[in-house]
Amino acid sequence: MTTGDGWTAAVRDRLAPGRLLPLGTAADGTWLAERAAREVLDREVSAVRGAVPGPLRIGAAADAAAAGPLPVPPGGVPAGPLRIAAELAVVATGRPLPETAEEVRTALLAAAERLGLAVTEVDLRVTELLEEAPATEPAPPPPGRTPPAADDPVALAVLGVPGVVAVTDALGAPVHRTAAAVRVECAVAADRPPAEVARAARAAAAAAAPEGAAVTVVVTELR
């Protein structure tokens, strides 16, 4: 792989929203992009002394999730318990390995709770023991993009919700309509609880959508 190919792959991975994770219950009709959650969780792992984050995925836990009253978006995980599977490297600090792993587990659970994700399982795997922390390189900047138009009445209603900073188009149009459903995607301020803002955004979208439409909201970014 050439340097250019590596940069392109890194940008593609950074921009891909990943799975859509349920925020709250099936009746809430709100989801958070895995990419946005992973950025927060990686920072929590990095804050633990001696821990270096590796690949991290979030998906449904072993317990099966029941079908909800609102449509699950493409790539979405139905509402229910979630599981984090994470790899990490540990720097030799003289600290017992189980102590570092347990602190990482606690940090991940606490961060997931703040995000509004119902994580009940954390599966950690230490893949490498390091003599010193690796040098960190800045992530490649995303390519310039034209902000999506926000002239749809549902989009305008969502933009009026405190904590919503933009509508986004990671999955397609910011407002996706079918005969019976409306899905809105947006970015939420990083200092606000995404689950709380998403519920308020859904209420605003439902008030502006056609009567009887099944309204859902997807938070694709935390800015």
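Computed from a predicted structure; not experimentally measured. Heavy-atom basis, side chains included; hydrogens, waters and symmetry copies ignored.
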Residues forming a side chain to side chain contact (heavy atoms under 4.5 Å, CB included) with [X], sequence neighbours excluded:
X	answer
Ala157	Ala204, Ala208
Leu97	Val90, Val126, Leu129
Ala27	Thr25, Pro69
Ala214	Leu70, Pro71, Ala181

Set of salt bridge (charged side-chain N to carboxylate O under 4.0 Å, His left out) partners for [X], sequence neighbours left out:
X	result
Glu102	Arg105
Glu196	none
Arg57	Glu34
Arg95	Glu99, Glu103

Kindly indicate whether the side chain of [X], heavy atoms from C-beta on, has any atom under 4.5 Å from the side chain of [Y].
X	Y	result
Pro22	Leu82	yes
Arg38	Pro53	no
Leu23	Asp28	no
Pro194	Leu222	yes
Arg177	Pro210	yes
Leu124	Leu88	yes

Hey, what do you get for [atom1] ([X]) to [atom2] ([Y]), rounding to the nearest 0.5 Å?
X	Y	atom1	atom2	value
Ile58	Leu115	CD1	CG	8.0 Å
Leu21	Ile84	CG	CD1	9.5 Å
Leu41	Leu109	CG	CG	10.0 Å
Cys186	Arg202	SG	CZ	13.0 Å
Leu56	Glu39	CG	CD	12.0 Å

Test: side-chain hydrogen bond (donor to acceptor under 3.5 Å, both in side chains). Region: residues 155-166. Which pairs qualify, not counting sequence neighbours?
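Passing the test, one end in residues 155-166: no pairs.
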What residue pairs, at least two apart or across chains, pass side-chain hydrogen bond (donor to acceptor under 3.5 Å, both in side chains) with a residue in residues 80-89?
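Those involving residues 80-89 are Arg83-Asp123, Glu87-Arg125.
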Does Thr30 offer a backbone N or O that forms a donor-acceptor pair with the side chain of Arg199 under 3.5 Å?
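Such a contact is absent between Arg199 side chain and Thr30 backbone.
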Does [X] share a hydrophobic cluster with [Y], counting links as ILVMFWY side-chain heavy atoms below 4.5 Å and allowing steps through other members?
X	Y	result
Leu32	Val40	yes
Val122	Val45	yes
Val165	Val197	no

Among residues at least two apart in sequence or on other chains, which ones pass side-chain hydrogen bond (donor to acceptor under 3.5 Å, both in side chains) with Thr220?
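Here the qualifying residues are Thr168.
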When clusters are formed from ILVMFWY side-chain contacts under 4.5 Å, directly or step by step, what else is grouped with Leu171?
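Leu20, Trp31, Val72, Val218, listed by chain and number.
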Do you know which two heavy atoms are closest between [X] and [Y], and how far apart they sit?
X	Y	result
Ala166	Arg223	CB-NH1, 3.6 Å
Ala173	Glu185	O-OE2, 4.0 Å
Val158	Val184	CG2-CG1, 3.9 Å

Should Val52 and Ser46 be marked as a side chain to side chain contact (heavy atoms under 4.5 Å, CB included) after you check the CA-CA gap, both sets of side-chain angles, and the distance that decides it?
CA-CA 6 Å; Val52 179; Ser46 297; over 6 Å; no
